[in-house]
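What you are looking at is a predicted structure, and each value in this text was computed from that prediction instead of being measured. A, B, ... follow the sequence lines: proteins, then strands. Residue 1 opens every chain.
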There are 2 protein chains.
Amino acid sequence: MENTIDLAESITAAKCSENLSSVEDAIYVIGGKWKLKIIIVLQESGNIRFNELQRNIRGISARVLSNELKDLELNGFVKRVVHAEQTPVVVEYISTDYSRTLRNVIIALSDWGKMHKRNIRTEAFLSQ
Amino acid sequence: MENTIDLAESITAAKCSENLSSVEDAIYVIGGKWKLKIIIVLQESGNIRFNELQRNIRGISARVLSNELKDLELNGFVKRVVHAEQTPVVVEYISTDYSRTLRNVIIALSDWGKMHKRNIRTEAFLSQ
DNA sequence: CAGGATCCAAGATGATACTG
DNA sequence: CAGTATCATCTTGGATCCTG
């Protein structure tokens with residue numbers, strides 16, 4: 001009986017850590033308060049400049065946005081395009097093909113967020 | 001022409017903020033380094049005690065785990081069950097039905113994480 | 001075992017000013 | 001416009017000790 005329990009536990013642990021480590025990897029790269037939001041705005045606006053990007057993401061400071069963009073560029077989600085022919089220099093950010101692999105993640109999160117918001121409202125109504 | 005551009009931009013902005021705000025809501029509730037991991041372990045182990053939970057989530061401290069669990073309980077993802085009949089008191093945590101609504105989110109993140117890991121390895125290989 | 005209390009170090013962030 | 005630099009602040013997190 002002891003053995004059965006131990007075996008069951010270690011199988012659970014194995015399944016666990018498999019799923020867990022993949023999600024862990026994902027969170028490591030696209031987790032945090034801003035990354036996904038930036039990626040979404042970038043995907044939906046095609047190409048966009050720094051200040052407009054900042055205006056579209058409520059609450060982000062220039063410094064944080066700048067750092068996040070560098071990070072996203074390193075990981076291949078964003079391309080930074082400099083139009084040197086103009087003065088002052090125009091810089092545009094565009095999303096990459098790779099960022100589009102996040103489609104399902106974004107849809108799942110968006111759907112869940114919508115559902116949850118409705119749910120919260122209902123709860124608030126019920127508790128009155 | 002100016003008008004066309006303005007219209008296009010505001011439509012983009014509207015779509016943007018819709019998707020964005022839903023994802024924002026989701027991230028607000030289940031974002032952060034630990035929440036989803038805890039939920040996954042909880043779902044896959046049925047019921048589990050504090051210290052075992054801590055052992056299953058590499059790197060989390062007791063204090064942080066404790067805080068996260070309170071948060072998750074408030075939001076309806078976790079149920080805390082106290083078996084007062086035993087001494088010392090046994091406390092078990094179990095996932096709720098509501099936490100199962102995160103299924104698609106977890107699958108999407110897990111799939112993407114797997115894909116990304118493979119991708120990273122390939123890149124590392126290519127750049128040698 | 002299941003956590004709470006406390007202290008401290010480190011990182012994240014906001015505000016502001018500045019530059020090419 | 002597209003950021004960078006600096007400082008003050010606030011939050012987080014780890015480590016440790018403690019208790020019912």
Visitor: A:Asn56 CG to D:dA2 P: how many Å, rounded?
Guide: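 Value for this atom pair: 13 Å.
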
Visitor: Rounded to the nearest Å, what distance is computed from the CD atom of residue A:Gln54 to the C1' atom of nucleotide D:dC1?
Guide: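 Result: 12 Å.
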
Visitor: Pairing donors with acceptors under 3.5 angstrom, does anything connect the side chains of A:Tyr98 and B:His116?
Guide: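 Indeed, the side chains of A:Tyr98 and B:His116 share at least one donor-acceptor pair under 3.5 Å.
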
Visitor: Salt bridge between A:Glu68 and A:Lys35, side-chain N to carboxylate O under 4.0 Å?
Guide: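 Yes, charged N to carboxylate O under 4.0 Å.
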
Visitor: Taking only residues two or more places apart in sequence or in another chain, which ones pass salt bridge (charged side-chain N to carboxylate O under 4.0 Å, His left out) with B:Arg80?
Guide: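 Partners of B:Arg80 under the salt bridge (charged side-chain N to carboxylate O under 4.0 Å, His left out) test: none.
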
Visitor: Between the side chains of A:Lys79 and A:Glu73, is the shortest nitrogen-to-carboxylate-oxygen separation below 4.0 Å, so that they form an ion pair?
Guide: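 No, this pair does not count.
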
Visitor: More than 12 foreign heavy atoms under 6.0 Å from CZ of B:Arg100: is that the case here?
Guide: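 Yes, the 6.0 Å shell around CZ holds more than 12 heavy atoms from other groups.
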
Visitor: Answer with yes or no whether the hydrophobic clustering places B:Leu72 together with B:Tyr28; edges join I, L, V, M, F, W, Y residues whose side-chain heavy atoms lie under 4.5 Å apart.
Guide: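 Yes; tracing contacts between hydrophobic side chains, which count when under 4.5 Å, links both residues.
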
Visitor: Round to the nearest Å and state the distance from A:Arg49 atom CZ to D:dC1 atom P.
Guide: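 One finds 7 Å between P of D:dC1 and CZ of A:Arg49, rounded.
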
Visitor: How long is the line joining CD of A:Glu92 and P of D:dA2, in whole Å?
Guide: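 One finds 9 Å between P of D:dA2 and CD of A:Glu92, rounded.
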
Visitor: When you measure from every atom of DNA chain D, which of residues 58-71 of chain B have a heavy atom less than 4.0 Å away?
Guide: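 Residues of residues 58-71 of chain B that come under 4.0 Å of DNA chain D are, in numerical order, B:Gly59, B:Ser61, B:Arg63, B:Val64.
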
Visitor: Please examine the side chains of A:Lys70 and A:Leu74, heavy atoms only from C-beta on, and report whether any two atoms are closer than 4.5 Å.
Guide: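 Contact flag for A:Leu74/A:Lys70 side chains = no.
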
Visitor: Looking at five pairs on each end of the helix from C:dC1-D:dG20 to C:dG20-D:dC1, what is the angle between the two axes, given to 10 degrees?
Guide: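 Roughly 40° between the end axes, to the nearest 10°.
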
Visitor: Between D:dC1 and A:Arg55, is there an OP1 or OP2 to side-chain N/O distance shorter than 4.0 Å?
Guide: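 Looking at the OP1 and OP2 atoms of D:dC1, one of them is under 4.0 Å from a side-chain N or O of A:Arg55.
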
Visitor: Shoot me the first and last contacting nucleotide of DNA chain C against chain B, ordered 5' to 3', at under 4.0 angstrom to non-hydrogen atoms.
Guide: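 So the contact region on DNA chain C extends C:dC1 to C:dT6.
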
Visitor: Counting only heavy atoms not in B:Lys114, do more than 12 fall under 6.0 Å of its NZ?
Guide: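 Atom NZ in B:Lys114 is packed in, count exceeds 12.
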
Visitor: State which residues pass side chain to side chain contact (heavy atoms under 4.5 Å, CB included) with B:Val90; sequence neighbours excluded, sorted by chain then number.
Guide: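 By the side chain to side chain contact (heavy atoms under 4.5 Å, CB included) rule, B:Val90 matches B:Arg49, B:His83, B:Gln86, B:Glu92.
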
Visitor: Quick check on side-chain contact (heavy atoms from CB on, under 4.5 Å): which of A:Leu109, A:Val105, A:Asn104 does B:Leu109 satisfy it with?
Guide: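 Exactly one option meets the side-chain contact (heavy atoms from CB on, under 4.5 Å) with B:Leu109, and it is A:Val105.
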
Visitor: Atom OH of A:Tyr93 and atom P of D:dA2: how far apart are they, to the nearest Å?
Guide: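 Going from OH in A:Tyr93 over to P in D:dA2 covers 8 Å.
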
Visitor: Side-chain heavy atoms under 4.5 Å apart, restricted to Ile/Leu/Val/Met/Phe/Trp/Tyr: what other residues fall into the cluster of B:Val81, or is it alone?
Guide: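 Reading the cluster by chain and number, B:Val81 sits alongside B:Ile94.
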
Visitor: In this structure, how many angstroms lie between the C1' atom of D:dC1 and the CZ atom of A:Phe50, rounded?
Guide: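 Checked: the CZ to C1' distance equals 10 Å.
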
